[in-house]
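In what follows, chains carry the letters A, B, and so on, assigned in the order in which the sequence lines appear, proteins first and then strands, with residues in each chain numbered from 1. Small disclaimer: the values here were computed from a predicted structure and weren't measured.
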Amino acid sequence: MSFLDGLNPEQRAAVTLPRVSALILAGAGSGKTRVLTTRIAWLIHCGLASPHGILAVTFTNKAAREMLARVSAMLPLDPRGMWIGTFHGLAHRLLRIHHRDAGLPREFQILDSADQLSLLKRVMKNLNVDDEKFPPRQVAYYINASKEAGLRASKIEPSDFVSRRMNEIYAAYDEQCIREGAVDFAELLLRSYELLVENESLREHYRRRFGYILVDEFQDTNLLQYQWLKLIAGLGPSPAAEANAVFAVGDDDQSIYAFRGANVGNMQDFTRDFAVEHVVKLEQNYRSEANILDAANALISHNRGRLGKNLWTATPGNEPLKLMQAMNDLEEADYVVAQVQDLSERGIGLNEIAVFYRSNAQSRVLEHALFRAAIPYRVYGGLRFFERQEIKHALSYLRLVANADDDGAFLRVVNFPARGIGIRTLDHLTEFARHRNTSLWGAAVARAGVRGREHPSSLMPYPTSLSHAPRGVEGFVGLIESMRQGCTGVPLPEAIEHVIELSGLKGYYENERDGKDRVANLDELVSAAQGFVQEQSELSPENMLAEFLAHAALEAGEYQAEAGVDALQMMTVHAAKGLEFHSVFITGLEEGLFPHENSLNDPGGIEEERRLMYVALTRGRKRVYLSFAQSRLLHGHTRYNIASRFIREIPEKLIARNAPYTYNRWVEPARGQTSATAEADAPSAWKLGQAVVHSKFGYGVIVNMEGRGLDARVQVNFRDAGVKWLALEYAKLTKA
DNA sequence: CGGCCTTAATTTTTT
DNA sequence: ATTAAGGCCG
């Protein structure tokens, strides 16, 4: 078979495995996606499975799209029979089909994280929870973690007063979700899981259907996702005699989502639960040149408890990694710009060059420098299209049209654009709604004295001219009613256009000083809907709106994808997973930033950061540039950092430095050097950013100072001992 | 009620 | 630095 050509023996073995469960340990750049897609093509080609019988789960929408594209390229078939998608996407698909069995309204909506938080805040306000003691974010975390552990509020035994209260909020939150017909991300998984647990015939149906299940990025699955898989594969409450074949592909060294519940342990559990006999290791890397791979291997060897895998390459290459020590973040950015220009002049396309950073906040300075140098760039991540406020507003109107009980959507747009509905009015509506156990919309309708949506014929007339948009609750109710009428039987893009116009959103932003982009985005939303309708042509028109709204929540989306434009690629390291580039810049390699300070506290945090660094390194094919800055403006204040430990964990012989080099002055003092005390130096000698040595804590950098003379204290960021305040009078501090 | 102002808090990563 | 929330005045 031609598509088996060019596979190495291990890849071929994996692709052609019989109908058994298997774990594929696929190192970075070892052809993982190729193996997955070829496996699907092979199964279908050999008649072992029909497209209908294949379930392929990926972690990102992008990966799902790519898989679909590559499979369709290999086989002349309509790929729509296959279920290929993300966990959330597939769970959503199940729930849409079986919404009745799952106890959900037909038009249920998906809450993204921001929606979830605002709903939660409302619930907490109702319960009079002190949000000082219970920060909504933490409560949200508790709820999500509980759901990911498969636990409903009723199943949790509170151990203390705090968790009792948390649990009360959790229960109230879920009730409110039901009332509004809203489902958050974790709920998609939990509810579809429960659907299958409780409904044996459904479970049997899907188990029989999906004889072959393939999972990408298995190391990133959480507990609930793994249970979900087991259920569909036939290892549920009433285990089938023979479980389905689960083909799990993963790399423990690239597990970078433990912070949100991913459980690498699933890999070991999997081999046990599915009695896996075939563990295939893909260890040949086809991506990076030897030096880069050596660096990555050396770095990751500092982690303990790995499954054990040794990546090698047949590609030679001794181009050293380049390391730049910059005075500050501006200089670092200039360095990146200069190097990018150099690469570009050598004929490397900008699309083939990527700049990575640990957190989104770091992109700003880089962007500024690139802009000045007139280098086109594209930033991935950051504010997503569907998360922009004007888009959220427009979607909220649509959500109200689809499902009037959506209080979140109601609150978002009831007074936007302003129509004279203030806090007082809303308090009344809220009170009324609570009293009558109805939604805010129900309360508004009652107050406006208009019949509900069951009787659209009794609409009050609504002016099409917007010169004097109706105000007050009546005006709003009339507006939504006429939107609802204007949207029925109309193609989705036109319906959206209608809503954007009628809501007054467009007019509002047209009159705003900086509203140009927002108007453009609203137009873009219509285009997005057009694209969506074309792609989803098999959907029935009445499902189209709900599906589009779900799509918006599930795929926050790279809609401004300017494919074809040659632009430098900028992204967080997380966003870089799965990609590869000719040249890669890893910036901000500083203690506290990368590894991030927040990761230092939790167990395994450093190892996850190291895996993140490993991912970053292994993205590069030919060249890797490392950089760090001694000082950096962050959150409006200058921070003084020392070089990341990850730099030291790469063998020196693989690195070329930008200057005679001192590792940010971590050089051991010459033997016998006199160690002066603090008092011996003039007070003015201590400056921010000064590198110092402490007899006990070792090497560090002064990051803060206060007081004078004998009272003077300095804050030092130590390489190994963390950040400490020291009294200069007593501390044995030496300039390094 | 609504807009404008000040103030405070926030920031790791994202499906 | 940016943004969310809170307070004040028209």
Under 4.0 Å protein heavy-atom contacts per nucleotide of nucleotides 2-10 of chain C, with B for base, S for backbone only and - for none: S--S-----
field: Given DNA chain B, 5'-ward residue of the pair A:L426 and A:A575, judged by closest heavy atom
entry: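 So the residue in question is A:L426.
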What residues form a ring pair (Phe, Tyr, Trp, His ring centres under 6.0 Å) with [X], not counting sequence neighbours?
{"X": "A:Y625", "value": "A:F585"}
{"X": "A:F416", "value": "A:H393, A:Y508"}
{"X": "A:F356", "value": "none"}
{"X": "A:F185", "value": "A:H88"}

- prompt: Centres of the A:F108 and A:H99 rings: under 6.0 Å?
  reply: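 No, ring centres 6.0 Å or more apart.
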- prompt: Between A:D184 and A:Y173, is any side-chain donor less than 3.5 angstrom from a side-chain acceptor?
  reply: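 The criterion, which ignores hydrogens and geometry beyond distance, is satisfied for A:Y173 and A:D184.
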Is there a side-chain polar atom (N or O) of [X] under 4.0 Å from OP1 or OP2 of [N]?
{"X": "A:R137", "N": "B:dT11", "result": "yes"}
{"X": "A:T425", "N": "B:dC1", "result": "yes"}
{"X": "A:T572", "N": "B:dT14", "result": "yes"}
{"X": "A:N415", "N": "B:dG2", "result": "yes"}

What's the closest nucleotide to the [X] side chain, out of [options]?
{"X": "A:S359", "options": "B:dC1, B:dG2, B:dT13", "result": "B:dT13"}
{"X": "A:H574", "options": "B:dT14, B:dT15, B:dG3", "result": "B:dT14"}
{"X": "A:A361", "options": "B:dT15, B:dT11, B:dC1", "result": "B:dT11"}

Once you apply a heavy-atom cut-off of 4.0 Å, does [X] come out as touching a base, just sugar-phosphate, or nothing?
{"X": "A:L612", "answer": "nothing"}
{"X": "A:R471", "answer": "sugar-phosphate"}
{"X": "A:S113", "answer": "base"}
{"X": "A:N360", "answer": "sugar-phosphate"}
{"X": "A:D112", "answer": "nothing"}

[X]/[Y] ion pair, N-O < 4.0 Å:
{"X": "A:K577", "Y": "A:D251", "answer": "no"}
{"X": "A:R152", "Y": "A:E194", "answer": "yes"}
{"X": "A:E66", "Y": "A:R70", "answer": "yes"}

For [X] and [N], what is the distance between atoms [atom1] and [atom2] respectively, to the nearest whole Å?
{"X": "A:L189", "N": "B:dT14", "atom1": "CG", "atom2": "C1'", "result": "14 Å"}
{"X": "A:E387", "N": "B:dT15", "atom1": "CD", "atom2": "P", "result": "9 Å"}
{"X": "A:F594", "N": "B:dT13", "atom1": "CZ", "atom2": "C1'", "result": "10 Å"}
{"X": "A:E597", "N": "B:dT13", "atom1": "CD", "atom2": "C1'", "result": "14 Å"}
{"X": "A:L600", "N": "B:dT13", "atom1": "CG", "atom2": "P", "result": "16 Å"}
{"X": "A:E555", "N": "B:dT14", "atom1": "CD", "atom2": "P", "result": "15 Å"}
{"X": "A:Y380", "N": "B:dT14", "atom1": "OH", "atom2": "P", "result": "14 Å"}
{"X": "A:N222", "N": "B:dT14", "atom1": "CG", "atom2": "P", "result": "17 Å"}

message: Which residues in residues 249-262 of chain A have a heavy atom closer than 4.0 Å to any atom of DNA chain B?
response: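 Residues of residues 249-262 of chain A that come under 4.0 Å of DNA chain B are, in numerical order, A:Y257, A:F259, A:R260.
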task: Determine, for A:Y397 and A:R412, whether the Lys NZ or Arg CZ falls below 6.0 Å from the six-membered ring centre while staying within 45 degrees of the axis.
output: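 No; the conditions do not both hold, so A:R412 does not lie above the ring face of A:Y397.
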query: Is atom CZ of A:R364 surrounded by more than 12 heavy atoms (other residues, nucleotides or ligands) closer than 6.0 Å?
result: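 Check fails, neighbour count at 12 or below.
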